[in-house]
Amino acid sequence: GSGFSITPSSVVFGGSATVVVEVSAKSGAPSGEVNVAAGGQNCIGTLVQQNATSSRASCGLVSVPVGSNQTVTATYGGDINFGGSQATGSLTVTPAETTTTITSNVRPSLAGNPVTLSALVDNNTANGNPTTGTVTFSIDGVEQIPVLLASDSVGTFIANDLKAGSHKVTANYAATTNFLASTSSA
């Protein structure tokens, strides 16, 4: 038979959930590997004998898509002495929080000259998942055209024809399935 546990049972997108799988038999300890899968992601753990009739494997599932009670399936393919088995459980993945920071704003600039505005949308997750989606700059309360974030989680907008004087610039990141919205002012 197979049984397993997931710790923690809920993670933030980009985080890791450790899956521990125990495979037991009436006589003898199973050997080999266990494949664990959820949401298109998988990991493989090697069974280590725990006692005369059971073995345990663990692995970390990373970057499972956002969703509640997603099915996690552990599959033991068997070995020369034991047939395969399968067990299921669930994992909840919540969207990651973001922090939006305006990373460049030429100060001062000449009236009428183009000004490049950039905003970094940090998703505060492990494993290097870039933030995806759009950021919209507002200049003096007027929304500009949304811009896509590049692979480095930065959105860039070129403001033309700004009049003389100071301007209030805000960057608004729109929520996606995997990431929560955030706003920053400069």
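By convention here, the first residue in the shown sequence is residue 1.
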For the hydrophobic clusters of this structure (ILVMFWY residues joined by side-chain heavy atoms under 4.5 Å, transitively), does one cluster hold both L162 and F157? yes
Once you round to the nearest 0.5 Å, how far does OH of Y173 lie from OG1 of T134? 7.5 Å
Please examine the side chains of F13 and N123, heavy atoms only from C-beta on, and report whether any two atoms are closer than 4.5 Å. no
Closest heavy-atom pair and its distance - L91, V64: CD2-CG2, 4.3 Å
Can you tell me which residue pairs pass the side chain to side chain donor-acceptor pair (under 3.5 Å) test with a partner in residues 140-156, sequence neighbours excluded? S118-T156, D140-H167
Return the minimal non-hydrogen interatomic distance between A171 and V135, and the atom names on each side. CB-CG2, 4.0 Å
Counting distance only, does the side-chain N/O of T131 pair as donor-acceptor with the main-chain N or O of V121 below 3.5 Å? yes
Report yes if some heavy atom in the side chain of V21 is under 4.5 Å from a heavy atom in the side chain of Y76; otherwise report no. no
Close side-chain approach of P114 to I158, heavy-atom, < 4.5 Å: yes
At what distance, to the nearest 0.5 angstrom, does OG1 of T92 lie from CD of Q70? 7.5 Å
Look up atom OG in S24 and atom CZ in F82, then write down how far apart they are to the nearest 0.5 Å. 9.5 Å
Show your working on side chain to side chain contact (heavy atoms under 4.5 Å, CB included) between S55 and Q49 and close with a plain yes or no. CA-CA 4 Å; S55 297; Q49 185 173 345; 4.1 Å; yes
Could you measure the distance from the CG atom of N129 to the OG atom of S63? Nearest 0.5 Å is fine. 3.5 Å
Got a sec, which pairs hit salt bridge (charged side-chain N to carboxylate O under 4.0 Å, His left out) with one end in residues 33-58, sequence neighbours left out? E22-R56
Treat each ILVMFWY residue as a node, draw an edge where side-chain heavy atoms are under 4.5 Å apart, and state whether L180 and V12 are in one component. no
Would you mind reporting whether V36 and V72 have side-chain heavy atoms less than 4.5 Å apart? yes
Using modelled atom types only, decide if a donor and an acceptor are shared between the side chain of Q86 and the backbone of G84 within a distance under 3.5 Å. no
S184 and T101: which non-hydrogen atoms are nearest, and at how many Å? OG-CA, 3.8 Å
To the closest 0.5 Å, what do you measure between OG (S182) and CG (N172)? 8.5 Å
Can you tell me how far OG1 of T170 sits from CG of L117, rounded to the nearest 0.5 angstrom? 10.5 Å
T46 to A57 - nearest heavy-atom pair and separation: O-CB, 3.5 Å
Kindly indicate whether the side chain of S10, heavy atoms from C-beta on, has any atom under 4.5 Å from the side chain of T94. yes
Minimum heavy-atom separation for A38 to T71, with atom names? CB-O, 3.6 Å
Keeping D79 on the side-chain end and S31 on the backbone end, is there a donor-acceptor pair under 3.5 Å? yes
Within-4.5 Å side-chain heavy-atom neighbours: L47 and V34: yes
Test log, rule side-chain hydrogen bond (donor to acceptor under 3.5 Å, both in side chains), inputs N35 and T75: CA-CA 5 Å; N35 184 29; T75 304; 5.7 Å; no
Expected output: side-chain T176 to main-chain F179 donor-acceptor under 3.5 Å: yes
Disulfide bond (SG atoms under 2.5 Å apart) pairs, two or more places apart, involving residues 17-88: C43-C59
For the residue pair P8 and S16, what are the closest heavy atoms and their distance? CD-O, 4.2 Å
If two hydrophobic side chains count as joined below 4.5 Å and joins carry through other members, does V169 share a cluster with V115? yes
